[in-house]
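Any value given below was found using the heavy atoms of this structure, including those in side chains, with hydrogens, waters and symmetry copies removed.
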Amino acid sequence: MMKKLHVFLAVVMLSFSIGSNADTIKNSDLNLNNPDVRKCLLDATKVSGWELASVYLNADNKIVMIFDKGDDTRIYTSKEVFVN
């Protein structure tokens, strides 16, 4: 009985740890300062069913674009600092 309880608790803990890490994908290899790169990213994600949730400059002055699709989130951060 005790062994079954341990196995059950291990499965529950494993499912929580897998579920909490599987919904966010981060990518910082793109040059989002280039308007052509931003347009291609918007077009490609739209075709795949992703919706643009937010665009902003972070504290490091880099462009951040967040896309949502159901419970999944993709975060794209520019690799270079945004300069006007």
Side-chain angles (χ1 to χ4, degrees):
M1 180 68 173
M2 221 30 194
K3 189 172 187 175
K4 289 182 182 179
L5 180 61
H6 286 308
V7 171
F8 175 73
L9 289 175
V11 169
V12 169
M13 294 294 284
L14 186 60
S15 68
F16 280 124
S17 66
I18 291 172
S20 64
N21 294 331
D23 62 348
T24 302
I25 298 173
K26 295 183 180 181
N27 184 341
S28 60
D29 293 335
L30 299 175
N31 181 6
L32 296 178
N33 293 330
N34 184 333
D36 292 331
V37 172
R38 289 193 306 263
K39 180 165 179 8
C40 287
L41 179 61
L42 287 170
D43 291 343
T45 53
K46 188 174 185 178
V47 168
S48 300
W50 292 87
E51 292 184 20
L52 181 63
S54 181
V55 178
Y56 61 91
L57 288 175
N58 66 8
D60 296 329
N61 223 19
K62 294 183 178 182
I63 298 172
V64 178
M65 298 177 80
I66 301 175
F67 295 88
D68 289 332
K69 181 178 181 182
D71 292 335
D72 294 334
T73 301
R74 288 187 178 175
I75 302 171
Y76 294 90
T77 306
S78 63
K79 62 181 180 178
E80 298 174 6
V81 174
F82 180 74
V83 180
N84 280 336

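Annotation: side chain to side chain donor-acceptor pair (under 3.5 Å) contacts involving residues 54-69, sequence neighbours excluded, comprise Asp68-Thr73.
For the salt bridge (charged side-chain N to carboxylate O under 4.0 Å, His left out) test, residues two or more places apart in sequence or in another chain that qualify with Asp43 are Lys39.
The side-chain heavy atoms of Leu42 and Phe67, taken from C-beta on, include a pair separated by under 4.5 Å.
Atom CE of Met65 is separated from atom CG of Leu41 by 5.0 Å, given to the nearest 0.5 angstrom.
When each of Asn33, Asn31, Thr77, Leu30 is paired with Ile63, the side chain to side chain contact (heavy atoms under 4.5 Å, CB included) condition holds for Asn33 and for no other.
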